[in-house]
Amino acid sequence: MSSQGIILADLDGDRTWRLADYVKRGGYEALKKIIAEKIPADEIIGEVKKSGLRGRGGAGFPTGLKWSFMPRAFPGAKYLACNSDEGEPGTFKDRDILRYNPHTVIEGMIIAGYAMGCERGYNYIHGEIFEVYDRFEEALAEAREAGLLGRNILGSDFSFDLFAHHGYGAYICGEETALLESIEGKKGQPRFKPPFPASFGLYGKPTTINNTETFASIPYIIREGGDAFLALGKPNNGGTKLFSVSGHVNKPGNYEIPLGTPFSVLLEMAGGIRGGRKLKAVIPGGSSAPVLPGAVMMDCTMDYDSISKAGSMLGSGAVIVMDESTCMVKALERLSYFYFEESCGQCTPCREGTGWLYRVVHRIENGLGRPDDLDLLNSVTANIMGRTICALGDAASMPVQSFVKHFGDEFAFHIEHKKCLVPPQVQYEGSKIYVA
Amino acid sequence: MLSPESLKKIDQEIAKYPADQKQSASMSALRIAQQEKGWLANETIEFVAKYLGMPPVAVYEVASFYNMYDLAPVGARKITVCTNLPCALSGGVHAAEYIKKKLGIDFNETTADGKFTLKEGECMGACGDAPVLLVNNHQMCSWMTEEKIDQLLADLQK
């Protein structure tokens with residue numbers, strides 16, 4: 001873990017997550033300022049807009065704009081939800097935020113609740129990181145005890161309470177309406193939109209859902225100003241961002257760096273490629289983002305615009321690095337299995353299509369590929385994309401399309417020669433147990 | 001059917017939601033029930049349903065949708081290894097193979113003495129810690145080299 005940013009800066013692992021430590025780092029100053037100066041909600045949303053903060057969960061939607069969609073004057077309950085259901089292969093940043101700096105998420109949510117007129121929020125935490133859920137509960141208890149949560153926060157007439165809700169093994173619950181269904185105690189199947197959560201969300205009430213890292217950025221923006229946050233990154237890509245670097249690097253981990261940092265610099269921070277091997281490919285934004293050849297990535301900077309121009313997505317900032325020992329067919333086979341396994345089954349194109357994708361890639365990898373299989377894969381993806389309620393179908397299709405597009409020769413070799421282009425022993429060596 | 005301690009924990013979960021939305025606690029209630037019973041038998045699911053004032057099938061729907069609930073008996077220790085791509089690049093598959101060899105079982109099998117069940121997991125959101133595995137859903141073990149796996153299995157044998 002290393003930070004040139006605002007969320008993971010000045011932390012000392014497991015030793016500095018408590019309320020007292022957070023306050024020493026300037027924590028809850030933003031909230032205190034809002035309460036003391038009675039800053040109007042519009043001004044807060046304006047500051048968030050000015051910061052250029054874009055949703056850190058994957059879609060990159062401008063946060064301030066999203067907040068402005070909430071009908072603040074709507075009578076009755078309004079809700080806030082934090083999406084900490086981090087299960088996109090390659091993404092592991094929210095876990096570090098929640099276990100090492102939970103109060104910054106809590107403060108960010110309280111401020112969001114104030115700005116949007118919500119009285120209650122839920123943080124939906126990925127079931128597999130249960131120890132983090134327990135810690136977040138402890139942090140909530142500390143905040144409640146200190147009068148930062150609950151009725152009449154810090155003696156004002158503003159009330160907001162926050163609770164933790166855990167998932168229990170379903171990738172789809174990271175989709176925001178599936179997440180709401182799950183908080184309602186149902187199976188996590190996405191809802192058809194419209195209506196959008198800002199008008200019909202949790203329990204049918206107006207709701208805003210943001211990612212953990214998005215909320216964690218809010219205290220800084222209010223404390224230091226939107227302009228200061230924007231200046232940390234580059235125009236339209238404000239701030240610093242966490243990048244989770246995994247795969248064939250010497251030092252896998254989270255790196256918090258300014259948006260716009262060259263990929264080559266990030267790779268160097270992560271210790272470069274293991275064993276002196278050559279970079280082959282990078283998935284720059286979590287397993288759903290299109291893969292890019294290493295050479296293309298080396299010319300990119302790590303921000304929404306640059307990665308999008310190169311033909312992929314910054315997504316959640318999960319950078320999966322693959323070196324020359326990687327068989328691209330095998331890599332895609334594993335990802336396709338994941339989407340097949342995690343499709344919720346609600347929409348036929350996704351339920352059936354993800355099974356088709358996995359089975360066809362599986363047979364290519366196992367020497368049973370047929371000459372027209374690549375056309376078949378493209379045809380299946382064309383029949384999934386844009387034909388489903390949520391984005392999981394697209395997320396399953398984009399890796400297939402991009403792997404075939406950029407590494408088509410390797411797929412063709414498999415089909416023709418019934419074996420991998422990369423010798424099995426090389427693959428074996430490259431994917432052995434590696435601990436930095 | 002569930003212990004007073006479990007019921008107390010479930011009550012704390014129910015209190016997190018609006019008074020008319022008790023069903024929101026179904027996920028945590030099932031988790032608490034599974035922690036007590038080891039797995040979720042139909043009677044346990046029915047009990048949870050009754051406790052929350054829900055139709056049993058609605059609770060079964062939740063229990064069968066999320067993959068960390070066990071609807072059949074598992075060993076005293078359930079080990080779930082992530083083999084997804086980022087983990088696989090750093091030895092997730094090798095770690096799983098090593099555990100299979102040590103325990104003499106495949107994925108979705110339980111050792112003859114009933115001590116261990118092995119599962120293949122999907123992304124746990126901890127790819128930087130690869131190889132990574134979970135013990136009984138809640139204990140995450142990071143950077144699992146062969147030596148650390150040996151140690152873990154020995155500790156869990158006790």
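Note on naming: letters A, B, ... go to the chains in the order of the sequence lines (proteins, then strands), and numbering restarts at 1 for each one. The shown structure was predicted, so the numbers you read here are calculated from the model rather than taken from an experiment.
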Pick out which of B/Cys82, B/Pro86, B/Cys87 makes a side-chain contact (heavy atoms from CB on, under 4.5 Å) with A/Pro89. B/Pro86
Whatever's closer than 4.5 Å to a heavy atom in chain A on B/Ala130 counts as backbone
Calculate, to the nearest 0.5 Å, the distance between atoms CE and CZ belonging to B/Met124 and A/Phe92 respectively. 14.5 Å
Chain B interface, residue from A/Glu184, A/Glu86, A/Glu333 that has the most non-hydrogen pairs under 4.5 Å: A/Glu184
Would you please say whether a donor-acceptor pair under 3.5 Å links the side chains of B/Ser24 and A/Tyr122? no
At what distance, to the nearest 0.5 angstrom, does OH of A/Tyr124 lie from CE of B/Met27? 4.0 Å
Hey, which of A/Gly430, A/Pro252, A/Ser182 has the most heavy atom pairs under 4.5 Å with chain B? A/Ser182
Closest approach of B/Lys16 and A/Arg120, non-hydrogen atoms and distance? O-NH1, 2.7 Å
Determine the minimum heavy-atom distance between B/Ser26 and A/Gly185, stating which atoms define it. OG-O, 3.2 Å
Is there a donor-acceptor pair under 3.5 Å between the side chain of B/Tyr69 and the backbone N or O of A/Gly169? no
Heaviest contributor of heavy-atom pairs below 4.5 Å to chain B, chosen from A/Lys93, A/Arg274, A/Glu341, is A/Arg274
Donor-acceptor pair, side chain of A/Lys432 and main chain of B/His94, under 3.5 angstrom: no
Is there a side-chain contact between B/Gln34 and A/Tyr168 in this structure, where contact means two heavy atoms from C-beta onward sitting under 4.5 Å apart? yes
Does any heavy atom of chain A fall under 4.5 Å from the side chain of B/Leu134, the backbone, both, or neither of them? side chain
Counting N and O atoms only, with roles assigned by atom type, does the side chain of B/Glu61 sit under 3.5 Å from a partner on the main chain of A/Lys187, one being a donor and the other an acceptor? no
Heavy-atom proximity to chain A below 4.5 Å, by part of B/Gln12: neither
Are B/Phe65 and A/Ile172 side-chain neighbours, meaning at least one heavy-atom pair lies under 4.5 Å? yes
Hey, which of A/Ser325, A/Ala164, A/Gly345, A/Ser244 has the most heavy atom pairs under 4.5 Å with chain B? A/Ala164
How long is the gap from OG1 on B/Thr83 to OH on A/Tyr337, to the nearest 0.5 Å? 8.0 Å
Could you look at B/Asp129 and say if it's the side chain, the backbone, both or neither that has a heavy atom under 4.5 Å from chain A? side chain
Determine whether A/His166 and B/Met68 make a side-chain contact, defined as any pair of heavy atoms from C-beta on separated by less than 4.5 Å. no
Segment of B/Ala88 engaging chain A (4.5 angstrom heavy-atom cut-off): backbone
Per-residue tally against chain B (heavy atom, under 4.5 Å) across A/Ala170, A/Gly188, A/Cys173 peaks at A/Gly188
Just checking, is any N or O donor in the side chain of A/His165 or B/Tyr17 under 3.5 Å from an acceptor N or O on the other one? yes
When the 4.5 angstrom heavy-atom criterion is applied to B/Met144 and chain A, the contacting part is backbone
For A/Tyr171, is it the side chain, the backbone, both or neither that has a heavy atom under 4.5 Å from a heavy atom of chain B? neither
Check A/Glu131 against B/Met140 and note the closest heavy-atom contact, atom names and distance. OE1-N, 3.2 Å
Please round to the nearest 0.5 Å and tell me the distance separating atom CD1 of A/Ile433 and atom CD of B/Glu147. 8.5 Å
Point-to-point distance, once rounded to the nearest 0.5 Å, from CD of A/Glu88 to SG of B/Cys123: 8.0 Å
With chain B as the partner, which of A/Gly253, A/Ala77, A/Ser431 has the greatest number of non-hydrogen pairs under 4.5 Å? A/Ser431
